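Below is one structure, written out as structure tokens, with a few remarks after it.
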Amino acid sequence: MAPSRRTKRVVASQPGFLNLKSSSGAAGLPSIRRKRVNKNKKKNWNKHSDINDVTEFLEDVRHQERTIGGLLSEKSDDNLFFLDVGQPKKAEQKVAEPVDGKKRKGKAVRPLRIDLILQHDSLVPPPKDVLAYQQPNAKKLRRIAQKAEQLAAKGVVPRRQKQLLNRRPADRTAKKAVTEANNNPDREYYDIWGQECESKDTADPWYLQQTGKKRVKRPEKLNEKPSVLPAVEVIAPGGSYNPDFFSHQALLQEAHEVEVKKQKEEDKIERQLAVNKEHIATEETILREQVEGLVEEETEEANEEEEGVAVGAITVAEKKTERQRKKERAYKVKEQLRQANRYQNDKRQQLFQLRSIKTSIKQEEQETKDKQKQRKAKQEAQKAQPRRLGKLKFKAQDMEVQLSDELAGSLRQLKPEGSVLKDRFKSLQKRNLIEPRERAKFKRRLKLKYVEKRAFREIT
Amino acid sequence: MGGLQKKKYERGSATNYITRNKARKKLQLSLPDFRRLCILKGIYPHEPKHKKKVNKGSTAPRTFYLLKDIRFLLHEPIVGKFREYKVFVRKLKKAYGKTEWSSVERLKENKPAYKLDHIIKERYPSFIDALRDIDDALCMCFLFSTFARTGKCHVQTIQLCRRLTVEWMNYVIASRALKKVFISIKGIYYQAEVMGQLITWLVPYQFSHDHPTDVDYRVMATFTEFYTTLLGFINFRLYHSLNLIYPPKLDVKAESELKEENDDDYAMNSESYLEKLSALSASLARVVSTAEEEEAELDQFPVEGEDMANMEAREKEQKQEEAQKKLFEGLKFFLNREVPRESLAFLIRCFGGEVSWDKSVCIGSTYEVTDETITHQIVDRPNIDKQYINRYYIQPQWVYDCVNAKIILPVEDYFLGVTLPPHLSPFVEEKDGDYVPPEKLKIMALQRGEKPAHEQEEEEEEDEEEEEEDDNEEEGDDSEEAEEKNLKKMEEQRSQGKSLSVKVTAGKVKVENPARLEQEEKAEEKRLAIMMMKKKEKYLYDKIMFGKKRKVREANKLAAKRKAHDDAEKSKKKARK
């Protein structure tokens, strides 16, 4: 029990130590009896030494620190005591008066009990987490930072930064330009036929070719226009808004001819489709049709007779006699001889006809030449014509014409004729740039079925 | 006699062609995509000579392409883009169907797009090639720019077309390249000479569209897509050739003038600059300031084999052209609100005039009606209340006719309420012997510098009978009478079948003799030459001459008809009076 006694002594020796729980020490002392135990073993130290008084003391110290914030004995008197002068009366009255008004407020302000329990009520400050303030490799880092500062002061850029600086900025704008739509109204243009573009294209032909990036050269033939017609055909002078009398008449005449031609074609078709007059049933034919098979006619008998004659005619062929054959053969030989003679004679005679032969040859040549010329002229004319490029033939649009009474007196009253859009479209077709087409027809997938509504059916 | 049997349709023309459907399958494209590709690349269908052979014995009408063309198409990078787009649409549809809006947005952000720049370069290897093919592009852009913004095509396309056309018009103004203009019932035809190329384009009237149903808008939109790209590049080049800034900027001076007005009334902020440009009333900013651009007289080097007379003629022509470019210089126009503003402003500015309009009509007006220095006011109504005494009130046709005649025409025929002379087409070029309408003859006479009054005197000398007749008529309208006499004279000359130049020089004794001698000599030479002709050539010559004479006869007939027509009109008028 030496240590306990020692501590007691320590406590007792400390001047002015105040024990909070004063009863504990005095009551325990006489009851303890000494036990003899060997203390040469460490195990026995722990087992048989009484450290209660020390723990109590330390407990007490901690308790004081927790509740007061330091040892009680070290506190000055001002902190521990105050002069009790009784409660100030006026203050009480003042407090009493606003009680009704502030009751609620006070209630609201007072914290909940649970919060009070959970509140940290120890006056000992929580220990600092040292690790939180520590930095691994702090020294090294500080040294590096210092060195960097020194270098920066000298104007030396570190390698890594240099690399970053040297890297080209990301080509954001270029990427955007690629995705820009073609019809963007603010799009930019550049000199496409200038020098700069050419130099860009001819980077390294071998490289381009090997990597498959080389553009295929456009064949020259593709740059030929499929028609010789001009892009914009100016309307005839009669198409002026205030035309000269004669040119207007000429234009009208032209338009009239076009109309007449159309009319003629229509008439022709109508004529061809019309029912032949002979095919229209008359009263007689109707009657005959009605009595068909009812009246027996004698024509059948006559037919039979004729048939008999025809059958007989087939069996007429008779065998030739020997003499006949001989005669025929002789005749044949004679004929051949005659032909050969004639041929030779003709040849001989041609000597004397040289002149006429020459002229005839010349004539023939001339004819072929003429035909060639004609064909060529036709081909030339064909170039200006719209070709047949698909299912449909090109149909010229209606001529724009204003009749004499439609003509406007002034520019203000002018009524435009035709549509420029259609004119352009037809011009493209006429120049064989696109094939004439019809608008795709709407096809109904499911058949429509008409049903009378019941309400409607009831009425009818 | 041995050898393998030749199979049909494995050689010759059958192997040179491919049908449209096969081509489409070869390229793995849908029909609309295939069509678009062909238009963009400038590959057109071809009509074979022997259809039956090409069609492998069938006579069904089909569209054929040359196989080599299609093989060429296989290399086009755009084909890949088309396929990508197809996939994009499919994905987008799926995302919509599943209502996955985030993926819809992501897909839309990465929408595949393609560029046509390389195709332009490929199809038009040089700038001149492109310029030759610009007619179509201009027509299409002008057409699309007049469309209403209602779903027939993308609004963006319309805006782009408008921008490009405005740029083009500004270029034509800056370079003073316009040559001819013709108001037809369809639209207005313009012709300009740019770098030696004659360029014709057609501008539709505003607000005149009823959209025809039988036009394939998709095809037209594809063409427009290509042409806008082309026109943009051409514009860029043209602007740089004139030292102008591209995209065009208004001159600083002009801009400050325009700024005073309240811009917000006319257009949104984003569009107001384009609107100001399209007003055409201000000049454009140049890279180099205009002060330096004093045109230096070019030195002339005579080309070998060209005599002096020829060169002189050319010089004279050049001078005339210069004069024509400055036709309206010094004149100040004011446009009333009922006249077509854009067309007239374009014309007047093309020939150096100043132009303005009412502030409420359009942005960019530079002066008011009350400006005292205005010389011409263009009006298209029968009468006007308040008239200033120091300016002419004329109808719009005067401007157009002046441009075509290349001179400032007398304004009397174009006053308010006057029946206008016919607007003749400048695109008709008469050969000698063709019928020329009297109005044109009159203009030609004016161009030569003759004055109607002068001719009147000559006529008096020539024949008195006519004059007497004229005297009987009322002498109320001077100009009309002059015109009448002029016409008669022309017709008479025509009926006599002599050239005009002889008559004009007849008065002067000194000049006449050498000229006459020379002419006689020439005639003699010609006669001899005719005599020396071979029989065959003679026959041809006679034929040609006969044709010419017949033409002249026909023209005479028309002239007589015209005269009769005019007389009838006149008598009718008289009867009315």
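Predicted, not measured: the structure shown is a model, and the values here were computed from it.
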Non-hydrogen atoms of chain B under 4.5 Å away: do they reach the side chain of [X], the backbone, both or neither?
| X | result |
| --- | --- |
| A:Phe246 | side chain |
| A:Glu406 | neither |
| A:Arg218 | both |
| A:Asn223 | side chain |
| A:Asp186 | backbone |
| A:Ala408 | neither |
| A:Leu414 | side chain |
| A:Leu392 | neither |
| A:Arg187 | both |

Under a 4.5 Å heavy-atom cutoff, which of [options] has the most pairs with chain B?
| options | answer |
| --- | --- |
| A:Leu433, A:Leu407, A:Val232 | A:Leu433 |
| A:Ile235, A:Asp244, A:Leu411, A:Val234 | A:Val234 |
| A:Arg388, A:Lys225, A:Lys391 | A:Arg388 |

Between [X] and [Y], does any side-chain N to carboxylate O distance fall below 4.0 Å?
| X | Y | value |
| --- | --- | --- |
| B:Arg562 | B:Asp566 | yes |
| B:Glu167 | B:Arg163 | yes |
| A:Lys426 | A:Glu400 | no |

Report task. Kindly state each residue pair satisfying salt bridge (Lys or Arg N to Asp or Glu O under 4.0 Å) with at least one member in residues 361-382 of chain A, sequence neighbours excluded. Result -> A:Glu380-A:Lys383

[X], part contacting chain A, at a heavy-atom distance under 4.5 Å:
| X | result |
| --- | --- |
| B:Ile234 | both |
| B:Asp214 | both |
| B:Tyr217 | side chain |
| B:Pro426 | neither |
| B:Thr224 | neither |
| B:Gln156 | both |
| B:Val219 | side chain |

Checking side-chain polar atoms at under 3.5 Å, does [X] have a donor or acceptor matched by the opposite partner on [Y]?
| X | Y | result |
| --- | --- | --- |
| A:Tyr189 | B:Asn235 | no |
| B:Gln206 | B:Thr146 | no |
| A:Thr359 | A:Arg355 | no |

Chain A: which of [options] shares the most heavy-atom pairs with it under 4.5 Å?
| options | value |
| --- | --- |
| B:His118, B:Met140, B:His46 | B:His118 |
| B:Leu424, B:Leu558, B:Thr229 | B:Thr229 |
| B:Pro61, B:Gly187, B:Gly232 | B:Gly232 |
| B:Asp216, B:Leu420, B:Ile43 | B:Asp216 |
| B:Ser184, B:Cys161, B:Pro396 | B:Ser184 |

Query raised in the report: What do you reckon, are the aromatic ring centroids of B:Phe233 and A:Tyr190 less than 6.0 Å apart?
Result: yes

**Report entry** Sequence-distant partners of B:Tyr189, ring-ring contact (aromatic ring centres under 6.0 Å, His included), two or more places apart
**Finding:** none

Ring geometry between [Y] and [X] (parallel below 30°, tilted from 30 to 60°, perpendicular above 60°):
| X | Y | value |
| --- | --- | --- |
| B:Tyr227 | B:Phe223 | parallel |
| B:Tyr239 | B:Tyr246 | perpendicular |
| A:Tyr241 | B:His423 | tilted |

Query raised in the report: Okay, side chain of B:Glu122, backbone of B:Lys41: is any donor-acceptor separation there less than 3.5 Å?
Result: no

